Asks: 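Here it is, the structure, as structure tokens.
Lettering follows sequence order; numbering is per chain, from 1. Just so it is clear, the structure is predicted and the values come from calculations on it, not from any experiment.
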Amino acid sequence: MKKLLFLTLLISIPIFAAGASVILTATPTFLLSGTVTLTMISSPTISASAVMAIYNSSTNSTQLLIPSFNGKYILNYDVNGYANYRAQGILRTPNSTILSNIATFTSDIPAASVQSTIVYIPFISNELPSCVVSVKSIGSKTLSFTNFSSPTGLSINPLSGQIPSEESATFSVKPTGIFIPGNNYTLDAVMKTNDPRSGLSNYLLARYILGPDGLVITPISISGTSFGVGSNLSAYFSIYYSNDVALSYIYVVWITPQNSQTSALSPSGNDFSSSVNMTLPGTYTLSKIIVGYVYKNQSLQMIVNPNLSARAVNIIPSMNIRLVNGTRQVVVNVSSVSTPTITVKDVSNSYFIPASKIGQTWVGTYTYNNTPGNVTIMSTFLNTSSVISKSFTKYMVRGGNITLSDGGWVTIPNNAFSVPSIVAVYLESFSPQDFYTGYSNFNQVSDAVSIVSAVTPVASFDYNLYFFNQTVNGLFGDIKIYSLQNGNWQLSTINPNVEVGMQMVNFEAKTGTYALGLTAQAQHNLSPSIISFWSIPSNLVGNGNVYFYLTVNNDCYYKLYVYDMRGRIVGFQSGMAVASNRNLVYTLNPSSISNGLYVAVIGIGNLTNAFTQTQSIPFAISK
Amino acid sequence: MKKITYIFILLMAFSVITFGDVLDELDNPSAYGISMGGALYTVYAGSQSIAYNPAGMANGEGGFFFSHVEHYLGVVRNDFLAGSLNAGNFYFGGSMQTTRTAENYLNYSQYIFSGAVAYRTKSISIGTDINGFFGTDIVNGFSMDLGGIFQTGNYTFAAVLKNALASITWQSTPPTVENYPAEIIVGVGYSNSSFDVNTFVNFTSKEFGAGIELPLTKFFSIVGGYKGSIGAQVSNAFSTGLAIKNYLGFDLFVSYTFIDSASFGQLLNPFTVSMNYNFGG
């Protein structure tokens, strides 16, 4: 240590010898073990007394050498173990000038030992073998690595990470790229490390040599994952094979909800398809593709299991039309799993309406002409016989009453339009419900009426909409006007005038789409109470459903559980209930539960999850 | 023993040929059982074990048991009366259970009559019972339970085949017969001087439960339990209870249960009381 201090003091003296210098180099500077060549050269070539000092960090010692120096001195220094080294060469020139230089090298590095693998696959197929490669961290420092495929096509696991010193790790390598027979492929799985040694930072994990022979079935796809019953599900795939392969047969195996179907395809060409008609609801699976082939006079067979599935459901196609106020446009929405053909008969002329598909919905737009009369929009469907038709009527108004088709009417005042205008009137039918169900916030209790015009009216119309007493169930004060805004129903600020005896609501509004509805409006300052809670029937004998009704004194939220005698929940429903109404809060279908005694428990409150009152009723099922 | 094994395997196989949901019965009628989360299958609980695991009936000299349960805000009430008698290694027992509705809204009652026999050695006990069903809407019905308890060290293991061969003829037009799958129940218990833990899983009905009993004095214990089920809707019930055991030959159990307390502000199953008298004190 004293020697090192002495040397450090020596070199700390700033000495400048004009034109004389010494260079000390170490080769290599990073190594695990072996020999480092230390070369000390003076410039110009001079004879001098020299000292070479080598400091070893692991032993904390310095080795001093006093070589004879005639312009150049080479020392081969053996390195063992993990350490950092610092070498210093010092020359004293004849005129007592001291020259010095330093070189460092180290064996304290990360390094790897890799058992590389070469995998030779002369015949390419869908299933190519993987291999496992073992790597040991043989350096003194933790080995960091990132793996990659060169070129792409190999999957390596893990992709990146670290291996502590003296520990081992295994890597799996699998070909996952698309390899077309007839070609040769060479792919390397490479591990890039933090090994600082020159040319040793990248290690070869595995080399795959593929081809040129082979047979590959790829890509494999199906035409969709969700269909309506009656649709066709198709599978598409290609078979690539080398010249020395001849296809013998191709079978496609489908698994349907009922059975397994196998269809044979002609073994010619590269691209193939197979279809199955989805006659039943359920899951359809492309289970297997079986290819028979001859290779090197051997008859062989390849089986691929794509297991691609699609579901077929019973979907009844539906069509809605929406008249756009301020224009003469009508927007047609068709929900169907099969492709619709949309046509329109505008008074006496017929047209085709092009539609674009968005999800399972086809959307088309039609601009009706200026002639009064009926417009009928019709949708037919590929592979099905169903036809959906919706109509609206165009009126030429100069003031006066327009009589609607269900007996309702609207009066358009004389000053509403400055010039005679076309007004389109569309009524949406509805299914009367016995009771307000409470399952949704808005319960429509009348037809929805659309009265639109390309010309903005300057005066309001006088609307009359009709309801059934049964649907309102005495809640005449709760009837509200709802208007359709951008496809969504919104509570209107229009004040309705309810004519109870005539089962009619009168209100003033301009053009638009309106309907009557009921909404439960739970208010935080009102605490609801259960007036009655009961089931019909209380003892179900034979088939049927059990209906649960709730009457409350204020609009509220409810949550209902049905328990069996073991405390298991066999039914659940939450929603809103309207005050004073007989709210149908739940319908229990007992087909999947056992006969016996059950209890329905209902909780109500003015918040969705805070119930202030709970009541229970027993009921029995004997199917 | 081989014959019993064959019968057990046969009934297990029969349970695979299921017919839908399990029998809808009140299968946890004791305050002790309720406070233990239903995990009474590994416990030698005397005659009340007829409702859980008939092998557990083999305890002491036998005795009488009575329990009253009011479920779901009191609209369903259950009374359970059971008795057992020791004869050497054998125990014989019987029970009657009534389940009825408490309000005028529905006039309903159901009765289960059971006869049980158990055989116990030092570390193992096996038992069986047969059950007859009658009631307002039940013409007649039958089921059979088989169970065993095995004890080693501080551990107790139980296996029960419940409601094997269960079939009920229901009062419909015409009467309909409904068959039910046998339920496979497994229980594990651990006991030492400081606490007693018992668990069970019913693989058929997807119910499970666990309970712990902490003796505070020679006679007095506190009990806590959890019972849950996994299905279309998960239900859960936390229970607490008190147990006074073997005081002048009497046991008294009181339980307090919170069923789905996160959903409802009120307690659905607030209070249950059971009493047991052990012959021989």
Asks: Given heavy-atom pairs under 4.5 angstrom as the criterion, report whether the side chain, backbone, both or neither of B/Glu178 touches chain A.
Replies: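 Contact with chain A: side chain only.
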Asks: I need the single residue from B/Ile230, B/Asp21, B/Asp24 that forms a side-chain contact (heavy atoms from CB on, under 4.5 Å) with A/Arg568. Which is it?
Replies: B/Asp21
Asks: Which pair of non-hydrogen atoms, one from A/Ser622 and one from B/Trp170, has the smallest distance, and what is that distance?
Replies: OG-CB, 3.5 Å
Asks: Please determine, among B/Thr176, B/Thr136, B/Thr99, the option with the most heavy-atom pairs under 4.5 Å with chain A.
Replies: B/Thr176
Asks: Looking at A/Lys288, I'd like to know if its NZ atom is crowded, meaning that more than 12 non-hydrogen atoms belonging to other residues, nucleotides or ligands lie closer than 6.0 Å.
Replies: no
Asks: Say you draw a straight line from OG1 of B/Thr169 to CG of A/Asn595; how long is it, rounded to the nearest 0.5 Å?
Replies: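 Atom-to-atom, B/Thr169:OG1 and A/Asn595:CG are 10.5 Å apart.
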Asks: Using non-hydrogen atoms and a 4.5 Å limit, figure out which bit of A/Ile621 sits close to chain B: side chain, backbone, both or neither.
Replies: backbone
Asks: Give, as side chain, backbone, both or neither, the part of B/Ser205 having an atom under 4.5 angstrom from any heavy atom of chain A.
Replies: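 It is both, since atoms from each part get that close.
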Asks: Based on non-hydrogen pairs under 4.5 Å, which of A/Ser535, A/Gly542, A/Gly605 is most in contact with chain B?
Replies: A/Ser535
Asks: Give a yes or no on whether A/Asn543 atom CG has more than 12 heavy-atom contacts from other residues, nucleotides or ligands under 6.0 Å away.
Replies: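 No, not enclosed.
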Asks: Between B/Ile138, B/Ile168, B/Val76, who has the most heavy-atom pairs with chain A when the cutoff is under 4.5 Å?
Replies: B/Val76
Asks: Between OH of B/Tyr72 and OG of A/Ser616, what distance do you get to the nearest 0.5 Å?
Replies: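 That separation rounds to 9.5 Å.
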Asks: Hey, which of A/Asp564, A/Leu597, A/Val599 has the most heavy atom pairs under 4.5 Å with chain B?
Replies: A/Leu597
Asks: Is it the backbone or the side chain of B/Asn28 that comes under 4.5 Å from a heavy atom of chain A, or both, or neither?
Replies: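 Neither part, no heavy atoms under 4.5 Å.
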Asks: Starting at CG of B/Leu106, measure out to CG of A/Asn539 and round the result to the nearest 0.5 Å.
Replies: 6.0 Å
Asks: Check this for me: does any side-chain nitrogen of one of B/Glu207 and A/Arg566 sit under 4.0 Å from a carboxylate oxygen of the other?
Replies: yes
Asks: Taking side chain as everything from C-beta outward and backbone as N, CA, C, O, which of these in B/Lys206 sits under 4.5 Å from a heavy atom of chain A? Side chain, backbone, both or neither.
Replies: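 Answer is neither: B/Lys206 stays 4.5 Å or more from chain A.
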